[in-house]
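Proteins come first, then strands; the chains are lettered A, B, ... in the order of their sequence lines, and each starts at number 1.
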Amino acid sequence: MQNINVLDEVFERAVKSARVFKNRNVLRHDYIPDRLPHREEQIRYFGEIVAPVLKTDRCSNIFIYGKTGTGKTAVIKYVLNKLMGKTQTLGVPLRVCYVNCRLTGTEYRLFASLCNAMNVKVPFTGLAVGELFDRFKAGLDAAAALLIVVLDEVDELVKARGDMLLYELTRMNESLIKSKLSLVGISNDLRFKELLDPRVLSSLSEEEIVFRPYNATELGDILLERCKLALCEGALSEGALSLCAALAAAEHGDARRALDLLRVAGEVAEREGAARITDEHIRVAEKRIEHDRIIDALKNLTPHSKLVLASVYLLNKANVASAITGDIYEVYCELCELTDYTALTQRRVSGLINELDVIGLLNSSVVSMGRYGRTKKIRLGIARGLVKEVFAGDERVACLVEYSPKCLTDASNRRS
DNA sequence: CGTCCACAGGAATGACGGGCGG
DNA sequence: CCGCCCGTCATTCCTGTGGACG
């Protein structure tokens with residue numbers, strides 16, 4: 001009975017409250033707007049590079065750099081969409097294949113997407129990579145078309161698999177008779193070039209475009225543009241907009257970040273029944289995004305990663321501000337015994353610590369303690385309370401947050 | 001000024017479950 | 001159903017190293 005009343009109230013408020021969003025989707029990452037403020041130069045340049053396609057010529061391979069949220073993907077997709085439209089009216093046989101290398105993950109799946117783009121049917125798995133490569137090549141040549149392959153976040157692929165694959169792709173034109181292939185590589189990492197074989201680099205970056213981060217003013221313009229479509233009239237105060245832009249500008253000028261902030265702030269405001277997004281909503285959104293990110297990361301850890309994190313947590317609780325690898329491994333082994341997991345090797349735990357560092361749950365840095373060795377100092381990267389909160393709700397590790405390791409008291413005695 | 005600690009982190013290899021062609 | 005290859009995780013073995021100590 002009471003439940004129903006509560007729900008009534010919630011629904012009632014949702015209906016009556018002023019609407020903040022006109023179209024929430026406009027603030028999503030995958031939305032490609034019709035206007036991309038402050039990217040006219042890049043659009044023009046990229047357009048010039050791919051233009052030969054309209055005369056059924058191969059266009060140059062292109063390399064594109066820029067940090068996340070600088071509009072790389074949006075510009076590329078925007079231009080290629082327009083190009084596709086144009087080629088269709090002109091009857092040019094163009095195909096475009098967009099692949100995100102980080103999401104795609106492996107060479108196999110990358111080739112599978114390429115085959116897909118050429119309408120070559122391949123199984124999800126089971127074939128040799130070489131076989132897939134051949135099928136793709138055959139499919140491409142049979143189609144007698146121009147193919148533009150966009151490899152987004154290509155640095156991730158090379159870091160994980162090496163540059164052999166890129167080498168094969170850049171050389172493919174030599175053995176194609178009826179078709180031509182062009183590559184567009186997109187990288188977030190400016191130092192990516194150094195990882196590449198010079199031969200691959202020279203053929204891949206026949207042309208180069210760099211996307212500089214947006215500054216606060218530019219971010220403001222972008223937000224303003226999107227607000228017109230996404231939000232109701234007057235739903236955003238000017239102060240909130242510039243705060244949003246400023247926060248995102250501080251974080252490498254990331255437009256994606258700015259849009260996330262705005263969207264979440266809008267949700268917060270709407271839930272409150274407010275008609276207008278204020279500075280305060282933006283601040284709340286900032287905290288909420290971070291909080292959700294951490295909780296999500298914590299929940300999805302593998303058991304052993306949880307044990308490693310729990311070890312750091314316990315050391316932290318025992319006033320060991322920054323533990324070293326050896327200490328952590330010692331505590332970790334004890335926790336393993338306690339929970340009936342067989343302990344992994346120190347090498348592996350070291351790897352897990354690095355993974356946790358990348359996600360931001362730990363902060364680690366290599367230090368030399370001279371005579372006493374070279375190791376890693378590791379601190380918790382997040383509030384202790386969050387670890388406790390999440391782990392307490394996880395039956396497998398719940399008991400650990402209250403445990404006091406034996407080796408800990410020994411260790412501190414030894415050191416003092 | 002050389003030593004030597006306590007690891008970092010690369011490379012090679014193996015175990016394992018999944019999924020396919022034949 | 002077999003044999004093959006896949007990707008993932010883990011182990012083993014290894015070489016490299018910053019700097020306090022003697």
Can we say [X] and [Y] salt-bridge, meaning some charged N sits less than 4.0 Å from an Asp/Glu carboxylate O?
X	Y	answer
A:Arg24	A:Glu267	yes
A:Lys306	A:Glu395	no
A:Arg28	A:Asp30	yes
A:Lys287	A:Glu290	no
A:Glu402	A:Lys388	yes

Item checked: Nucleotide nearest A:Leu344 (side chain, heavy atoms from C-beta), chosen from B:dC7, B:dG9, C:dT11 -> C:dT11

Note to self: Side chain of A:Ser368, heavy atoms from C-beta onward: which of C:dG18, B:dA6, C:dC21 has the nearest atom to it?
What the structure shows: C:dG18

Could you go through nucleotides 12-17 of chain C and list every protein N or O atom that sits under 3.5 Å from one of its N or O atoms, giving the distance for each pair?
unit_1: C:dT17; atom_1: O2; unit_2: A:Arg374; atom_2: NE; d: 3.2

Anything under 3.5 Å between a donor and an acceptor, one on a side chain of residues 364-375 of chain A, the other on a protein residue two or more places apart or in another chain? List them.
unit_1: A:Ser364; atom_1: OG; unit_2: A:Asp357; atom_2: OD2; d: 2.8
unit_1: A:Ser368; atom_1: OG; unit_2: A:Gly370; atom_2: N; d: 3.3

Next item on the list: Return the set of residues passing side chain to side chain contact (heavy atoms under 4.5 Å, CB included) with A:Ser203 (not counting sequence neighbours), or none when no residue passes.
Entry: A:Thr170

Next item on the list: On DNA chain B, check which nucleotide each of A:Tyr372 and A:Lys376 is closest to and give me the residue with the more 5' one.
Entry: A:Tyr372

Notebook entry, point to check: Partners of A:Phe391 by ring pair (Phe, Tyr, Trp, His ring centres under 6.0 Å), sequence neighbours excluded?
Noted result: none

Note to self: Among residues at least two apart in sequence or on other chains, which ones pass ring pair (Phe, Tyr, Trp, His ring centres under 6.0 Å) with A:Tyr214?
What the structure shows: none

Note to self: Show me the pairs that pass ring-ring contact (aromatic ring centres under 6.0 Å, His included) and involve residues 291-327 of chain A, at least two apart or across chains.
What the structure shows: A:His304-A:Tyr341

Margin query: Test: ring-ring contact (aromatic ring centres under 6.0 Å, His included). Region: residues 55-78 of chain A. Which pairs qualify, not counting sequence neighbours?
Written below: A:Phe63-A:Tyr65, A:Phe63-A:Phe192

Note to self: What residues from residues 300-312 of chain A pass a heavy-atom cutoff of under 4.0 Å to DNA chain C?
What the structure shows: none

Check: Where along residues 351-361 of chain A does a heavy atom fall under 4.0 Å from DNA chain C?
Finding: none

Rounded to whole angstrom units, what separation is found between the [atom1] atom of [X] and the [atom2] atom of [N]?
X	N	atom1	atom2	value
A:Met369	B:dC4	CE	C1'	13 Å
A:Tyr341	C:dC9	OH	C1'	15 Å
A:Ile328	B:dA8	CD1	C1'	14 Å
A:Asp327	B:dA8	CG	P	12 Å

Check: Which angle, rounded to 10°, do you find between the first-five-pair axis and the last-five-pair axis of the helix from B:dC1-C:dG22 to B:dG22-C:dC1?
Finding: 20°

Check: Mind checking what makes side chain to side chain donor-acceptor pair (under 3.5 Å) contact with A:Glu355, not counting sequence neighbours?
Finding: none

Checklist line | Any residue meeting side chain to side chain donor-acceptor pair (under 3.5 Å) with A:Glu251, in chain and number order, not counting sequence neighbours | finding: A:Arg257

Check: Is any side-chain N or O of A:Ser350 closer than 4.0 Å to OP1 or OP2 of B:dG9?
Finding: no

